[in-house]
2 protein chains.
Amino acid sequence: MSKFEASNTDLTKNQNLVMGALSQANGPLSAYTILDELREHGFRAPLQVYRALDKLVELGLVHRLESLNAFVACQHSSCGGDKRENVLFAICETCGKVQELVDERLLDTVKNLAENEDFSLSKSVIELRGKCGSCQPS
Amino acid sequence: MSKFEASNTDLTKNQNLVMGALSQANGPLSAYTILDELREHGFRAPLQVYRALDKLVELGLVHRLESLNAFVACQHSSCGGDKRENVLFAICETCGKVQELVDERLLDTVKNLAENEDFSLSKSVIELRGKCGSCQPS
DNA sequence: GCAATGATGTAATATAATAACATCACATTT
DNA sequence: AAATGTGATGTTATTATATTACATCATTGC
Ligand SMILES: [Zn+2]
Ligand SMILES: [Zn+2]
Ligand SMILES: [Zn+2]
Ligand SMILES: [Zn+2]
């Protein structure tokens with residue numbers, strides 16, 4: 001059972017519609033793209049999307065990609081909040097696909113660095129840009 | 001001699017004005033804030049700012065902070081291009097100050113991770129959010 | 001019923017970035 | 001000097017992203 005299905009029942013109608021759009025997509029979507037896709041379901045204004053997204057991000061079901069101004073469904077089962085201290089994203093600049101990664105070593109390195117710099121870390125934004133395996137010349 | 005002064009002469013009038021605004025600021029500035037600050041110098045439209053910023057970023061004199069939609073003057077002397085493979089930013093959510101960091105170990109970890117995932121890395125966006133030393137309760 | 005709360009609807013506005021096209025400054029060539 | 005090419009600049013309009021303000025609706029508890 002996917003995370004989406006699991007929390008399905010707890011979500012409101014609009015949250016469910018937005019979550020559905022993101023789950024079906026094979027990549028990140030902008031808020032306005034989501035709005036367009038949901039017009040047939042009665043959506044009329046950006047705020048309907050942004051309000052749902054806010055909640056979904058808070059729940060850890062969706063992540064915001066800062067370098068794209070876009071949103072993507074969580075690909076894990078362990079993202080409990082919006083802190084995003086423990087995930088990073090590899091964004092393919094060719095096909096647009098996004099892979100959500102967890103890497104303990106990277107996480108440790110970041111924590112360590114922050115500590116050394118006397119920086120009290122609340123959240124890490126790590127977004128790698130490049131080419132995914134499928135898009136590289138073989 | 002700062003990097004700004006060093007390349008001063010190579011920059012155009014508008015590039016110099018934008019670079020000056022960013023150098024004087026003690027934190028990141030949005031493009032529209034820069035525009036407002038430069039109105040007294042004849043700036044009228046966003047494009048005048050964005051064109052200058054594009055060039056400055058390309059030269060490595062300025063970095064774009066993706067999670068803030070803002071720009072900050074480079075704090076190093078070694079940022080030769082806009083790839084930003086080798087820098088990261090610690091952004092204080094309290095005072096807004098930004099520290100540009102270089103960390104070989106983090107860089108290596110990222111490169112390593114990308115390799116393991118068969119991801120051909122072109123650029124890393126790493127922006128830490130939290131509290132800087134001055135803003136932490138002592 | 002009635003108040004409190006959370007979700008939703010709607011319009012307007014704010015903020016960030018780009019497109020399209022005209023003009024200017026200056027160097028090179030003829 | 002005149003013609004040409006190139007890069008920088010100016011200007012207007014438009015697109016893209018996100019938030020503010022306020023009205024309405026639904027559910028729950030009293
Ligand atoms: Zn996740
Ligand atoms: Zn790809
Ligand atoms: Zn730099
Ligand atoms: Zn601070």
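Just the heavy atoms: all of them, side chains too, but no hydrogens, waters or symmetry mates, feed the values below. Convention: sequence-line order gives letters A, B, ...; per-chain numbering from 1.
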Hey, can you pull the donor-acceptor pairs under 3.5 Å for the side chains in residues 88-100 of chain B, sequence neighbours left out?
from	atom 1	to	atom 2	distance (Å)
B:E93	OE1	A:S122	OG	3.1
B:T94	OG1	B:K131	NZ	2.9
B:E100	OE1	B:Q75	N	2.8
B:E100	OE2	B:H63	NE2	3.1
B:E100	OE2	B:H76	ND1	3.0

Name each donor-acceptor pair under 3.5 Å that joins a side chain in residues 40-52 of chain B to protein atoms two or more places apart or in another chain, with its distance.
from	atom 1	to	atom 2	distance (Å)
B:Q48	OE1	B:R44	N	2.6
B:Q48	OE1	B:A45	N	2.9

Chi angles and distances behind the side-chain contact (heavy atoms from CB on, under 4.5 Å) call for B:L22, B:V72: CA-CA 6 Å; B:L22 283 170; B:V72 67; 5.7 Å; no
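Contact between the side-chain N/O atoms of B:R64 and the OP1/OP2 oxygens of C:dA17 is found at a separation under 4.0 Å. In this structure, A:N69 reaches the D:dA18 phosphate: one of its side-chain N or O atoms is under 4.0 Å from OP1 or OP2.
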Set out, line by line, the N/O atom pairs under 3.5 Å between protein and nucleotides 12-16 of chain D.
none

Between the protein and nucleotides 6-8 of chain C, which nitrogen or oxygen pairs come in under 3.5 angstrom?
from	atom 1	to	atom 2	distance (Å)
C:dT8	OP1	A:T12	OG1	3.2
C:dT8	OP1	A:N14	N	3.4
C:dT8	OP2	A:T12	OG1	3.3

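One N or O on the side chain of A:S23 and one on the backbone of A:M19 form a donor-acceptor pair closer than 3.5 Å. Panel note: side chain B:T109, backbone B:R105; a donor-acceptor pair is recorded below 3.5 Å. A distance-only check finds a donor-acceptor pair linking the side chain of B:Q15 to the backbone of B:T12 [under 3.5 Å].
Remark: C1' of D:dT11 and OH of B:Y50 are 17 Å apart, rounded to the nearest angstrom. The distance between atom CG of A:L38 and atom C1' of C:dG9, rounded to the nearest whole Å, is 15 Å. In this entry the distance linking CG of B:L17 with P of D:dA8 reads 15 Å, nearest Å. Spacing between atom CZ of B:F71 and atom P of C:dT15 amounts to 16 Å, rounded to whole angstrom units. One interatomic measurement links the two molecules: CD of A:E66 to C1' of C:dA16, which rounds to 14 Å at whole-angstrom precision. One can place CG of B:D54 at 14 Å from C1' of D:dT9, the figure rounded to the nearest angstrom. Atom CG in B:L68 sits roughly 18 Å away from atom P in D:dT17 (whole-Å rounding).
Residues in residues 14-32 of chain B take part in no salt bridge (Lys or Arg N to Asp or Glu O under 4.0 Å) pair, two or more places apart or across chains.
With respect to the salt-bridge test (charged N to carboxylate O, under 4.0 angstrom), the residues B:E127 and B:R129 do not qualify.
Residues satisfying the side chain to side chain donor-acceptor pair (under 3.5 Å) criterion with A:D36, sequence neighbours excluded, are A:R39.
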